[in-house]
Every structure is written in C-alpha cells, then in structure tokens.
Trainee: 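To start, I am sharing the structure in question, which I have written as structure tokens.
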Amino acid sequence: MHKVFLALARFMAVIGGAVLTLLVLLTCVSVAGRVMNTALHGEWAQSLMPGLADRLIAMGVGPITGDFELVEAGVAFAIFAFIPLCQIGGGHASVDIFTSKMSRSTNRALQLVIDWIFAAVLILIAWQLFQGMLEKMRYNETTFMLQFPVWWSYAASLLAATVSALVGLYVAAARVVEIVSGRIILHGQEGADA
Amino acid sequence: MSNLEIGLASFPVLMGLIFLRVPIGLAMFVVAIGGLYAVTDGMAMGLSRLKHETYSTFSSYSLSIVPMFLLMGHFATLGGMSSALFRAAEAFLGHRKGGVAMASVGACAGFGAICGSSLATAATMSQVALPELRRYGYSGGFSTATLAAGGTLGILIPPSVILVIYAILTEQNIAKLFLSAFIPGILAAIGYMITIAIYVRLNPGAAGLREPIPYAERIRALLDVWPVLLVFLLVVGGIYLGWFTPTEGAAVGAAGTGLIALLNRGLTRHTLVQSFYATARNTAMIFFIVLGAALYNGFLALSQVPQELSQWVVGQGMSPWAILACILALYLVFGCLMDSLSMILLTIPIFFPIISELDFNLVSLAAMQAEAARDVLAAGVPEGMGAEMLEGIRAAIAGGAELTREQMDALGIRVTQVMANRIEAEEVAIWFGILVLIVVEVGLITPPVGMNLFVINSMDPKTRMIETYKAVLPFVASDIVRVTILVAFPGITLFLLRLLH
C-alpha cells in the first residue's frame, strides 16, 4: 500500500518537474526569439542584411505569443503535482522545539490530528478548485492572448489537487494504522524530527 | 467581539498551533478560515475565496520565479561547479592561517551567486569542502560551523528566493533589491573570513597549514569557474538591464545551470529525477506557506489589524530607530525557532506598514535639489539668470537649505517634497528588506534550531552537535556586528542603487 502511494507521489513529482522544465525551455526560446527579433529590427541588421532580416522576422523569429499564460497554467499544475511528495515525506515546515519535550505517544497523537486536518484542508482545496472551475466554465472565460478557456488550466490543476487530497487521506489513514499496530509506515517524519 | 479583536486574538491561536508542531502553512490556513468565519459570520466568504485564491496563488507569474530558481539551484549542485569554485578559492586562500575554511566561505559566496537557497548551498559545498577541511586538520565543529555560516551566503548573495517573496509582499522592484543585496552579501563573506582569521589565532589547534601554490596554477583554477560567472552575470545582469523579467531570468538561469550539468556529465536520468524530487518537496513546502499566508493576510486586512497596529505604534512617539531595532531583535529571537520564509510571510504584512509610516530621513529634499542644481550649473549658468538669483542659489546649496520655487524655475528643475518622499519610501523599503533578509538568515545558524546547523551536522556524523553549536557563535557575532553597521549606515546598502539610478 505504502509503495503504491509513494510511487504515485513520485510519479506526480516527475510529471510536475517535466512540465517545469518545459516551461523553462519555452521561456528561454521566447526570450531568445525576442532578443533576436529586436536585433533584426535594429539598425545594424537592417543596413547589413535587410532581406535576410525581414525574411527571418516573417518566418516568425520573435517571442512566443502568450508564453506567460502557458507559464502560469503550467506552473500551477506543477505546484499542485509537487504537493503529494511533500505530503508523504512529511516535508512541510514546522516548529518542533516545544513538542520534542513531550512524550512519544503525545507526539503521535498530535501527528494524527495534524494529518487529519491536513487531509481535510487538501480535500477542501480540491473541492473549491472544482467549484472555481465550474464558474470559469459557466462564464466561458478565456485567456487574453491565446484565447484558450481558463477552465482547462483549472482542470489540469484539479487533477493534481485530487491526487494531493488522496495522498493526504492516505497519510492520515496510515497514522491510524501506525498507532493501532505500532508499526512505522511513514519514514520521512522520523528523519525530519531528529 | 469586534473584527479588530478577532484579528488580534488570531495571533496567540496561530502561535499556539505552530508551537504544537502544526505545519506553519496549515496553521495559517486554518486560522484564516476560522477567522473569516468569525468576522463574516459564516463560511461563505472563506469558501468563495478558496475557489480562485489557490489557483491564482499557484499560477502567479511573479511567484513562478521560485520553482525555477529552486530547479536552477539543484541543477547547479549537479554541475560540479561547487568543486571548481572550491579549488579556485582554495588556490588563492588555502595557504593562509585558516585558509581552507576561508576558501570554503569564498566558494559558498560564489555558489550563492547561482543558487537562491541557503540549505542547498550549505549542503552542496559541504560535500566538497568537509573532506578537505578534515584533511588539513581543521577541527570538526569549526568545519561544520564554517560551512553552516557560509551556506547563508546562498540567500544573502542574489539571486535569492526570500528577496523575491519580500519584493512581491511589499510590491518592490526585484532587480533593485537584488542590486542592493550585493554589497551586504560581499560584506558577509568578508566578515566570516575575518571571523575565521581571529578564531584560528585564538584556537591554534583548530586548523592546519599548507604550502602556497604557484600563481600559474592559481590562475588555471580560477579559469575553471567561468561558467558560474557567466550564468550569474547573465541572470542578474539581464534582469537588471531589463533584457528579461525576473521570471525569465530564472528560466535562463535554470537552463544555464542545467546545460553546465549536462556538459559536465552531472545530469543523468537518475540525478534529473532526484533534482525533480528535491524541487518538488521545496516548492510544495514554500507554496503551501505562501497560500496559508495569503489567506491569513487577507483575513488580517479585513480585520484592520495591520492598519490599527501601525497607527498605534507610530502614535507611541518612539524614535524610528528604536522601533526598527525592536523589530530586528524580534526577528533574531523568532529566527531561533522558525524558518526564514515562514517568518517573512508571517511578519512582513504586519511590520512593513509600520516601517513605511516612519521617517528615517534617508533622503533630504535639500540635498536632492542641490544635486539637480549642481548638474544644471555645471553645464553653464542658464541664460537670463540674474547675478542675484545665482548668488541666492549658490548660498542655498552651500547652506544646505531648500530652494524656493522661483529658484527652481530659474534653473529649469523641479524637485518637490512628493518626489523626495517617493524615493525615501523606496529606499526605506529596500534597506529594510535587506536588513530583514540578514536577520532571518542569522536564524539559520543560531542554536538550537538553525536549519543549516542540522543539515551540515548530519553530513559529518563524527562531529557532535554541541561542538558545532559552540563554534558557530563567533559567526553569529559577526552577523550581528554587520547588521548593526548596516542599520547605522543605510548608505552602504543603498550605495549601488543610488549610484546607478
């Protein structure tokens, strides 16, 4: 069971990382295009090789239209896709200087409550994202430059947010099993506490 | 309860949750939803915010710089640049007393120029520098403390994730903040090196010595670091010169360090996946805090707490410098307990309105007018200006008095109080940002919960935590000295900004 969810979380992280890398490359191509376009329009290129410069511009050497819209949509998906790995590894920043003085069982109970609240919050986020998506569908909102429906980006993020909620629920459930059986299932937290 | 009381009551609740180990982002999220419920008497407001706030926070174009900088930092660790930097710094400094430790600090500074995170800088440089330090007979605690302190240069020297967050929270220009962080960052590196020099003289047993190496070899070692220099200049220079936006700069930097890693064969399928994992964990952690803070600050604004609080503080009639000192001291205390990003997100929306209400006299109207007048007069006395008028202007400049409207009209310049106020506001915001950046970074190396200390200490199992704690105190002292100097002389931080604008 743990292997399945860990693999799922890792898979999402790799997909998110791949999307992020694509956005990095897209942005670089766009920047390079813009810089070259400016250079081709510049005095130097226009006087030395007017024909070639204009032909290159006509071929579409220039910034990618609406690149920032793709970055916004993509990075939102990537961040939602990154949450499961952070969740399953207990990677969220917390202050443990006071609880480290408490007993082991108190800490376990505390962790149980925290993870259930976290699961509830992740479910709430996914659910409200779904509601938000329905709103965007209803109003047929599109992006400014590329004119694609905004709800597409919401849908992509919703997919990743749903996985986050599932992983959140799994972590919370695993805490119950840990307390009942006394086994340690989630290893990440132990390391972070040391 | 009034809205203001609900807002004020949320502080102890939030702190209680955080101290009960509730993740900071989650604590802010829950308190914000609860607070909105109390203020608006129902769940509708909190829920409707969530419909779009999560997506708009995660899809923010200016915040997308954060995962890109993180990816850039992880690629940088794969590129073998850390060892090239260390070799170069070691070639020049290694033969001095405490030289290998100084070289570690220098290499950290270099690595900080292509990495926006302290933990990544500390962890990466430790892999290279710790074995070398041990080989030259440096004591364990001193080695780990040096690297923990050096690691904070990752954030102090631009690019820096924390500065990006500060810029977004306070609506300041990222390029100007990066520019202003530069001199304090260099001062930090120099301060650490001086600390090392003093430390090894007081504790001769803590370090060994080695022979100087010839200059030809030093130059060769220096040439190996050109990719780092190239990426740094491209990213920070490009952002500053307006070739691209900060987000585009981060993308260029990530591609650049990725390319270096690829060419040095550091980037394989396995390491790529590992850097995705690390980027995923850090990004998710940061954005969950950002989301919680966005909701919490929205709730606070609704309850009027920041406005009322800043008016109350200003109304106390305390000296602005005393208030600034209190705020910075508060950061030092909190830094012992909390990570830097959470602290910034939690406190800046409350402290920044206070600071911007205060008058630090960084900019004087008379001095600005005098400068503009001198520029005009240097090009020759304007035609038709009477001798009496000229005399009056010269006297005003010499006496440090403000020019009258007629005098400015005669010169053809217009420097008003409004302009001076605008520049003052920007300078205070940038100066305060850099000061906060430094004090929250001190938190990374203050016992008992300095994150850098943990990271480095876990990489050197032979050294006990207590030895690292002891050896890091001189570095903390050097940080405090530096903050004091930068507070007393705002001109140091603002030097590059004033020079170039």
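Throughout, a chain's letter reflects where its sequence line sits, starting with A, and its residues are numbered from 1. Predicted model only: the values in this text are computed from it and were never measured.
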Trainee: Please identify, among A:Gln131, A:Met102, A:Glu69, A:Glu135, the residue contributing the most non-hydrogen atom pairs under 4.5 Å to chain B.
Mentor: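 Of A:Gln131, A:Met102, A:Glu69, A:Glu135, A:Glu135 has the most heavy-atom pairs under 4.5 Å with chain B.
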Trainee: State, without any angle test, whether A:Gln111 and B:Arg21 hold a side-chain donor-acceptor pair at a distance under 3.5 Å.
Mentor: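 The criterion, which ignores hydrogens and geometry beyond distance, is satisfied for B:Arg21 and A:Gln111.
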Trainee: To the nearest 0.5 Å, what is the distance between NZ (B:Lys51) and CD1 (A:Ile125)?
Mentor: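 If we round to the nearest 0.5 Å, B:Lys51:NZ and A:Ile125:CD1 are 15.5 Å apart.
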Trainee: Need one label for B:Phe287: side chain, backbone, both or neither, based on atoms under 4.5 Å from any heavy atom in chain A.
Mentor: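 The side chain, not the backbone.
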Trainee: Below 4.5 Å, heavy-atom pairs only: which of B:Leu20, B:Val273, B:Val252 has the largest tally toward chain A?
Mentor: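 Ranked by contacts with chain A, first place is B:Leu20.
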Trainee: To the nearest 0.5 Å, what is the distance between CG on A:Leu122 and OG1 on B:Thr54?
Mentor: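 A:Leu122 atom CG to B:Thr54 atom OG1 measures 10.5 Å (nearest 0.5 Å).
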Trainee: Once side chain to side chain contact (heavy atoms under 4.5 Å, CB included) is applied, do any residues pair with A:Leu166, and if so which ones, sequence neighbours excluded?
Mentor: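 For A:Leu166, no residue satisfies side chain to side chain contact (heavy atoms under 4.5 Å, CB included) once neighbours in sequence are set aside.
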Trainee: Between A:Ala78, A:Ser157, A:Ser153, which has the largest tally of heavy atom pairs under 4.5 Å with chain B?
Mentor: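 The answer is A:Ser153.
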Trainee: For A:Tyr154 and B:His52: C-alpha separation, side-chain torsions, deciding distance, then whether side chain to side chain contact (heavy atoms under 4.5 Å, CB included) applies.
Mentor: CA-CA 9 Å; A:Tyr154 271 68; B:His52 302 292; 2.7 Å; yes
Trainee: Testing the basics here: between B:Pro67 and A:Val75, what is the closest heavy-atom pair and its distance to 0.1 Å?
Mentor: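 Heavy atoms only, the tightest pair is CG-CG2, 3.9 Å.
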Trainee: Quick check for you: to the nearest 0.5 Å, what is the distance between B:Leu17 atom CG and A:Ser94 atom OG?
Mentor: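 B:Leu17 CG to A:Ser94 OG: 12.5 Å, rounded to 0.5 Å.
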Trainee: Is B:Phe29 in contact with chain A via its backbone, its side chain, both, or neither, using a 4.5 Å heavy-atom distance?
Mentor: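 For B:Phe29, the contact with chain A is made by the side chain alone.
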Trainee: Between B:Ala284, B:Ser458, B:Ala251, B:Ala280, which shows the greatest number of heavy-atom pairs under 4.5 Å with chain A?
Mentor: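 Maximum pair count with chain A is reached by B:Ala280.
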Trainee: Can you list every ring pair (Phe, Tyr, Trp, His ring centres under 6.0 Å) pair that touches residues 4-35 of chain A, not counting sequence neighbours?
Mentor: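 Sorted result for residues 4-35 of chain A: A:Phe5-A:Tyr170.
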Trainee: Compare every heavy atom of A:Ile79 with every heavy atom of B:Phe58, then report the nearest pair and how far apart it is.
Mentor: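 Looking at all heavy atoms of both residues, the closest pair is O-CD1, 3.4 Å.
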Trainee: With rounding to the nearest 0.5 Å, note down the distance linking CZ in A:Phe80 to OG in B:Ser59.
Mentor: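 Rounded to the nearest 0.5 Å, the CZ-OG separation comes to 9.0 Å.
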Trainee: Using every non-hydrogen atom in the two residues, find where B:Tyr55 and A:Ala73 come nearest and quote the distance to one decimal.
Mentor: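 Heavy atoms of B:Tyr55 and A:Ala73 come nearest at OH-CA, 3.8 Å.
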Trainee: Compare every heavy atom of B:Phe19 with every heavy atom of A:Val95, then report the nearest pair and how far apart it is.
Mentor: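 Looking at all heavy atoms of both residues, the closest pair is CG1-CD2, 4.0 Å.
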Trainee: Within residues 24-37 of chain A, which positions have a heavy-atom distance to chain B below 4.5 Å?
Mentor: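 Those residues of residues 24-37 of chain A which have a heavy atom under 4.5 Å from chain B are A:Val24, A:Thr27, A:Cys28, A:Val31, A:Arg34.
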Trainee: Output, in order, the C-alpha distance, side-chain angles, deciding distance and verdict of side chain to side chain contact (heavy atoms under 4.5 Å, CB included) for A:Val113 and B:Val22.
Mentor: CA-CA 9 Å; A:Val113 176; B:Val22 176; over 6 Å; no
Trainee: Can you find a pair of side-chain heavy atoms, one from B:Phe276 and one from A:Thr21, that are under 4.5 Å apart?
Mentor: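 A side-chain contact exists here, since the closest heavy-atom pair is under 4.5 Å.
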Trainee: Could you look at B:Leu71 and say if it's the side chain, the backbone, both or neither that has a heavy atom under 4.5 Å from chain A?
Mentor: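 Interface part for B:Leu71: side chain.
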Trainee: Between CG of B:Leu291 and CD1 of A:Ile83, what distance do you get to the nearest 0.5 Å?
Mentor: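 Nearest 0.5 Å value for the CG-CD1 distance: 8.0 Å.
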Trainee: Fit a plane to each ring of B:Phe288 and A:Phe118, take the angle between them on a 0 to 90° scale, and name the class: parallel (under 30°), tilted (30 to 60°) or perpendicular (over 60°).
Mentor: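 Geometry flag for A:Phe118 against B:Phe288: tilted rings.
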Trainee: Which bit of B:Leu26 is near chain A, if near means a heavy-atom gap under 4.5 Å: side chain, backbone, both or neither?
Mentor: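 Answer is side chain: those atoms of B:Leu26 sit under 4.5 Å from chain A.
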Trainee: When heavy-atom pairs shorter than 4.5 Å are enumerated against chain B, which of A:Thr38, A:Leu158, A:Leu124 gives the highest number?
Mentor: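 Of the candidates given, the most pairs with chain B belong to A:Leu124.
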Trainee: Starting at CZ of A:Phe98, measure out to CD1 of B:Ile18 and round the result to the nearest 0.5 Å.
Mentor: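 One gets 11.0 Å once the value is rounded to the nearest 0.5 Å.
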Trainee: Tell me, please, which residues at least two apart from B:Met285 pass side chain to side chain contact (heavy atoms under 4.5 Å, CB included).
Mentor: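 B:Met285 satisfies side chain to side chain contact (heavy atoms under 4.5 Å, CB included) with A:Cys86, A:Ala93, B:Ile289 only.
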Trainee: Go through A:Ser164, A:Ala120, A:Pro84, A:Ala18 and name the one with the most non-hydrogen pairs under 4.5 angstrom from chain B.
Mentor: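 Ranked by heavy-atom pairs under 4.5 Å with chain B, first place is A:Ala18.
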